[in-house]
Amino acid sequence: MKFFVDTADIDAIKELNDLGMVDGVTTNPSIIAKSGRDIIEVTKEICDIVSGPVSAEVVALDAEGMLAEGRKLAKIAPNIAVKVPLTWAGLKTCKTLSDEGTMVNVTLCFSANQALLAAKAGATFISPFIGRLDDINLDGLELIESIRVIYDNYGFDTQILAASIRTANHMSDCAKIGADVATAPPAIIKAMANHVLTDKGLAGFMADIEKAGIKIL
Ligand code: E4P
């Protein structure tokens, strides 16, 4: 499973990228707003750091506006994936941009039917939002499972990009289901390293090292 990092925080991207943990980056208007930077400028800086796909989202609501914005975003770098919402206008934009050879990430997906439409429209990525479904007592992981089955039934190339990931367990659950990609904030990716028994075990080793005066260097 590929790891995308869901942030525009340049230092966090660099840190994880240096560790080989970043196969791509996703942003959305809320993430860009939080960065306080110009969307073109910050996206360009991310594309200079990361060689994998970098999602940049359109802000227009109509197909004509989305297309114009998508074409502008696509010019930032060859690894841009234009992110469009899963609306009829977004699907139209997805089809046109995909036909032009631009990667497209269709976002705000909350149902298997929506994912089916995105694949038909030639999406490179479909982004089902796990956490936001869980927030309203629906099962986000169940949606990832359904999309996996449907895409495999028909051999769609669209990659399942599990999004709105809120816990480290979501990452391993998505990997078990067979999501192609999972995008998560840096803190969640780092939290994957945590285990209470690792901390306890290390504390025990440290006590013995000190008692025995063990030194390596
Ligand atoms: C993905 O592309 C989205 O930017 C992101 O995962 C949304 O996550 P949230 O529901 O935690 O805002």
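Hydrogens, waters and symmetry mates are skipped; everything else that's a heavy atom, side chains included, is used.
The environment of Glu41 atom CD is dense: over 12 non-hydrogen atoms of other residues, nucleotides or ligands sit within 6.0 angstrom. Residue-environment remark: CG (Asp18) exceeds the threshold of 12 foreign heavy atoms within 6.0 Å.
Between Thr93 and the choices Leu67, Val58, Asp62, the side-chain contact (heavy atoms from CB on, under 4.5 Å) rule is met once, by Leu67.
In terms of modelled atom types and a separation under 3.5 Å, the side chain of Thr96 and the main chain of Lys92 share a donor-acceptor contact. Judged by distance alone, with hydrogens and angles left aside, the side-chain atoms of Asn105 form no donor-acceptor pair with the main-chain N or O of Ala81 at under 3.5 Å. Side-chain atoms of Thr102 never come within 3.5 Å of backbone atoms of Ser98 as a donor-acceptor pair (strictly under, hydrogens ignored). Without hydrogens or angle criteria, Thr107 side chain to Ser127 main chain gives no donor-acceptor distance under 3.5 Å. Judged by distance alone, with hydrogens and angles left aside, the side-chain atoms of Tyr151 form no donor-acceptor pair with the main-chain N or O of Ser146 at under 3.5 Å. At least one donor-acceptor pair closer than 3.5 Å links the side chain of Thr158 to the backbone N or O of Ala123. A distance-only check finds a donor-acceptor pair linking the side chain of Lys83 to the backbone of Thr27 [under 3.5 Å]. Panel note: side chain Ser164, backbone Arg132; a donor-acceptor pair is recorded below 3.5 Å.
Considering every non-hydrogen atom in both Ile130 and Ala162, the closest pair reads CD1-CB, 4.0 Å. Across all non-hydrogen atoms, the minimal contact from Ala182 to Met171 is CB-SD, 3.7 Å. Of all heavy-atom pairs spanning Leu143 and Leu133, the tightest one is CD2-CD1, 3.5 Å. Residues Ile76 and Lys44 share a closest heavy-atom pair of CG2-CA, 3.6 Å. When all heavy atoms of Arg37 and Val42 are compared, the pair lying nearest together is NH1-CG2, 3.7 Å. In terms of heavy-atom proximity, Leu141 sits nearest to Cys174 at CD2-SG, 4.0 Å.
Using a 4.5 Å heavy-atom cutoff, the side chains of Lys2 and Gln159 are in contact. Side chains of Glu57 and Ile32 form no contact here, defined as non-hydrogen atoms less than 4.5 Å apart. By the 4.5 Å heavy-atom criterion applied to side chains, Glu100 and Arg71 are counted as neighbours. A heavy-atom distance below 4.5 Å is found between the side chains of Leu16 and Ile189. Contact annotation: the side chain of Lys120 never approaches that of Tyr154 to less than 4.5 Å [non-hydrogen atoms, C-beta and beyond]. Contact of the Ile13 side chain with the Thr7 side chain is registered, since non-hydrogen atoms from C-beta on lie closer than 4.5 Å. Annotation: side chain of Thr43 is not in contact with side chain of Asp38 (no heavy-atom distance under 4.5 Å). The shortest distance between side-chain heavy atoms of Pro185 and Arg166 does not fall below 4.5 Å.
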Practice problem: Test Ser55 against Thr26 for side chain to side chain donor-acceptor pair (under 3.5 Å), laying out the working first. | Solution: CA-CA 5 Å; Ser55 290; Thr26 50; 6.0 Å; no
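Between Asp180 and Arg148 there is a salt bridge, with a side-chain nitrogen of the basic residue lying less than 4.0 Å from a carboxylate oxygen of the acidic one. Between Asp9 and Lys34 no salt bridge is recorded (no basic side-chain N to carboxylate O distance below 4.0 Å). Lys14 and Asp11 are not joined by a salt bridge, as no carboxylate oxygen comes within less than 4.0 angstrom of a charged side-chain nitrogen. The pair Glu15-Lys190 counts as a salt bridge, with a side-chain nitrogen and a carboxylate oxygen less than 4.0 angstrom apart. Checked for salt-bridge contact, Asp173 and Lys176 meet the test: a charged N lies under 4.0 Å from a carboxylate O.
Ile31 and Ile165 sit in two unconnected hydrophobic clusters of ILVMFWY residues. Membership requires side-chain heavy atoms under 4.5 Å apart, directly or through other members. Using a 4.5 Å cut-off between side-chain heavy atoms of Ile, Leu, Val, Met, Phe, Trp and Tyr, with links allowed through other members, Val149 and Ile160 fall into different hydrophobic clusters. When hydrophobic clusters are built by joining Ile, Leu, Val, Met, Phe, Trp and Tyr residues whose side-chain heavy atoms come closer than 4.5 Å, directly or via intermediates, Val59 is not grouped with Val82. The hydrophobic cluster containing Leu19 also contains Val50, counting ILVMFWY residues as joined when their side-chain heavy atoms lie under 4.5 angstrom apart, directly or transitively. By the criterion of side-chain heavy atoms lying less than 4.5 angstrom apart, applied directly or through intervening Ile, Leu, Val, Met, Phe, Trp or Tyr residues, Leu61 is not grouped with Val106; the two fall into different hydrophobic clusters.
Applying the side chain to side chain contact (heavy atoms under 4.5 Å, CB included) rule to Leu117 yields the partners Trp88, Leu91; only residues at least two apart in sequence or on another chain are considered. In terms of the ring pair (Phe, Tyr, Trp, His ring centres under 6.0 Å) criterion, residue partners of Phe129 (sequence neighbours excluded) are, by chain and number, Phe110.
Rounding to the nearest 0.5 Å places CG of Leu86 at 5.0 Å from CD1 of Ile126. Atom CD1 of Ile80 and atom CG of Leu97 lie 12.0 Å apart (nearest 0.5 Å).
Leu161 belongs to a hydrophobic cluster with Phe4, Met103, Phe125, Val181, counting contacts under 4.5 Å between side-chain heavy atoms of Ile, Leu, Val, Met, Phe, Trp and Tyr, direct or through other members.
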